[in-house]
Amino acid sequence: MRNLISKLITYKNIDEPILTNLSTIFGAFENGNYDKNELINDIYTQINSLLTLATTYGFNKNLWHNYLAYILATTETPFTLVSEKVGKTDGSVNEFVKHDFKIFLELFNYDFTNIEKELNIDCFSIISNYDAIIKKEQLFNKDVSLKVQELSSNIEKARNEDEMFDIVTDFYKKYGVGKYGLNRAFQLSHDKNKEFIIPITSLDDVVLDDLVGYELQKKKLIHNTESFVNGKKANNVLLYGDAGTGKSTSIKAILNQYYSKGLRMIEVYKHETKYLSKIISEIKNRNYKFILYMDDLSFEESESEYKYLKALIEGGLETKPDNVLIYATSNRRHLIKETWNERVNTSSIQEMYHSDTIREKLSLADRFGITIGYYKPSVKEYFEIVKTLAKKYPEIELSDEELEHEANIWLRTHGAQSGRTAEQFIYYLLGKY
């Protein structure tokens, strides 16, 4: 195994500790230079790491094949990044790639019989025919799991490196490569030991139909997003209005609806707006459409972070790339809180152009090309939301009249009518019945 890995060319710089450590272990075994107990312990350590990875991504059946497919799906090289954009192309580099794929096929079909027999172990046989415990989707990264297992299954059918070349390059073109290819949503990490932009591995599977009402709002959001993913001009969007009316749900649903068309989302908090330029520099050349998602966005009068957002929207020396938009939600229409004291200009020395400052702050929302209002539903609309949500749960056996009665009681003690209030009421019923 060690000799195989050392011969890689285009995938030479694979930085995967399990593969690297197994390569060293098998090198020692093949040379006969090892202590049996220490080698077994080293192997079990790597098997443990492989099981942890398999649990994280919900791998099943042949974990060794899944792991090798995971490496191919996540390794970013000049070749894989080009394949992500254009798929298969002609070029001399293809010969080097096929050379590497021939090695990967040998790794896929590696015979562990000898080392298991010599060391009296069976761990490689077990992971090659693994029966994983069924887990809830929230416990593993479903996006990565399904794609990697699909790639693994297809490679198992490849008879040679030419067929594997077609399989893998088609995968890159269809899904992409690396974290942006395999995941749909991301957040910023301020841990120096991690990458700056990291995947969010557990997401809601909400769809727009789950949001009752707001048809005009959803239609505007769909039209703008479709233009964006289809490579047409599109606008930054501000969703504003009453709390609990579905602003955040709409954006999450949009991601789920257009993820398969290359849409990705990065969640950016208000205090992270100073990193916008750094985010842009990392994603601007990738073959995806990115929405920078800013939830519950608002600024106090003393905060100046809004200037980073304003600079990105308006465009500084470095223009915002065509593959990036901003979708924000806010309870405020004007985003920046303005006090009465700020309107009273008592000292021309302190601020000669005080009105210009006020206009600058209040105009931030105007920089969004599309603003969509989400307003509190009427009591009748609230009851319709409750009844629609209740239909999803057969265990709730109340009639429409009983639902309205119970929902009205809940409403009187739990705030104003909204989609969020209706959802909380349904959860209450599920716990009660």
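In what follows, residues are counted from 1 in the order of the sequence shown.
Remark: Lys387 engages Glu404 in a salt bridge, criterion side-chain N to carboxylate O under 4.0 Å. A salt bridge does not link Lys270 with Asp296: every distance from a Lys NZ or Arg NE/NH1/NH2 to an Asp or Glu carboxylate oxygen is 4.0 Å or more. Look at Lys179 and Glu282 and you find a salt bridge, because one of the NZ, NE, NH1 or NH2 atoms lies within 4.0 Å of a carboxylate O, short of that distance. Salt bridge Glu215/Lys220: absent, no basic N to carboxylate O contact under 4.0 Å.
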Going through the checks in order, is the salt bridge (Lys or Arg N to Asp or Glu O under 4.0 Å) test met by Lys174 and Glu150? CA-CA 12 Å; Lys174 181 178 180 181; Glu150 175 188 328; 3.8 Å; yes
Pair Lys289-Asp322, salt bridge (Lys or Arg N to Asp or Glu O under 4.0 Å): steps then yes or no: CA-CA 8 Å; Lys289 302 294 184 180; Asp322 291 336; over 6 Å; no
Give the C-alpha distance, both sets of side-chain angles, the deciding distance and a yes or no for side chain to side chain donor-acceptor pair (under 3.5 Å) between Thr80 and Ser83. CA-CA 5 Å; Thr80 62; Ser83 298; over 6 Å; no
Evaluate the criterion side chain to side chain donor-acceptor pair (under 3.5 Å) for residue pair Asp143 and Tyr175; output intermediate values, then yes/no. CA-CA 10 Å; Asp143 288 338; Tyr175 294 122; over 6 Å; no
Let me see the working for Gln149 and Ser145 under side chain to side chain donor-acceptor pair (under 3.5 Å), right down to the final yes or no. CA-CA 6 Å; Gln149 290 186 83; Ser145 177; 2.9 Å; yes
Does the pair Tyr240 and Tyr374 meet the rule for a ring-ring contact (aromatic ring centres under 6.0 Å, His included), with working shown? CA-CA 6 Å; Tyr240 70 93; Tyr374 281 67; 8.6 Å; no
Test side chain to side chain donor-acceptor pair (under 3.5 Å) on Tyr293 and Ser248; report intermediate values, then the result. CA-CA 9 Å; Tyr293 169 45; Ser248 300; 3.3 Å; yes
Quick one, Tyr275 with His190, criterion ring-ring contact (aromatic ring centres under 6.0 Å, His included). Give me CA distance, side-chain angles, the key distance, then yes/no. CA-CA 11 Å; Tyr275 299 112; His190 304 290; 5.3 Å; yes
Could you go through Phe290 and Tyr180, starting from their C-alpha distance and side-chain angles, then the distance that decides it, and tell me whether this counts as ring-ring contact (aromatic ring centres under 6.0 Å, His included)? CA-CA 10 Å; Phe290 290 92; Tyr180 294 122; 5.2 Å; yes
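Minimum interatomic distance between Lys376 and Ala416 (heavy atoms only, all atoms of both residues): CD-CB, 3.8 Å. In plain terms, the two heavy atoms of Ser418 and Tyr382 that are nearest each other are O-CD1, 3.8 Å. Shown here for Pro321 and Lys284, the closest heavy-atom pair between the two residues is CG-CB, 3.7 Å.
Classification of the Tyr67-Trp64 ring pair by plane angle, with boundaries at 30° and 60°, yields tilted. Taking the six-membered ring where tryptophan is involved, the planes of Phe101 and Phe79 are perpendicular, since the angle between them exceeds 60° and thus also 30°. Classified by interplanar angle (parallel below 30°, tilted 30° to 60°, perpendicular above 60°), the ring pair Phe26/Phe112 is perpendicular. The aromatic rings of Tyr11 and Phe104 sit perpendicular, their planes meeting at an angle over 60°, well past the 30° parallel limit.
There is a side-chain donor-acceptor pair under 3.5 Å between Glu423 and Tyr427. Ser125 and Glu116 share a side-chain donor-acceptor pair at under 3.5 Å.
Contacts of Tyr375 classified as ring-ring contact (aromatic ring centres under 6.0 Å, His included), with partners at least two apart in sequence or in another chain: none.
For Asn230, the CG atom counts as densely surrounded, since its 6.0 Å shell holds more than 12 non-hydrogen atoms of other residues, nucleotides or ligands. In this structure, His414 places its NE2 atom where more than 12 heavy-atom neighbours from other residues, nucleotides or ligands lie under 6.0 Å away. Heavy-atom contacts from other residues, nucleotides or ligands closer than 6.0 Å to NZ of Lys219 number 12 or fewer. With a 6.0 Å radius and a threshold of 12 heavy atoms from other residues, nucleotides or ligands, Tyr259 has its OH atom above the threshold. The environment of Asp191 atom CG is dense: over 12 non-hydrogen atoms of other residues, nucleotides or ligands sit within 6.0 angstrom. Other residues, nucleotides and ligands place no more than 12 heavy atoms under 6.0 Å from the CG atom of Asn13.
Of the options Phe108, Tyr70, Phe59, a ring-ring contact (aromatic ring centres under 6.0 Å, His included) to His65 is made by Phe108 and by none of the others.
Among pairs with a residue in residues 70-84, those fulfilling salt bridge (Lys or Arg N to Asp or Glu O under 4.0 Å) read Glu76-Arg286, Glu84-Arg286, at least two apart in sequence or across chains. Residue pairs satisfying the salt bridge (Lys or Arg N to Asp or Glu O under 4.0 Å) criterion with at least one member in residues 48-62, sequence neighbours excluded, are absent.
Taking the ring centre of Phe171 as origin, the terminal cationic atom of Lys147 falls outside the region bounded by 6.0 Å and 45° from the ring axis.
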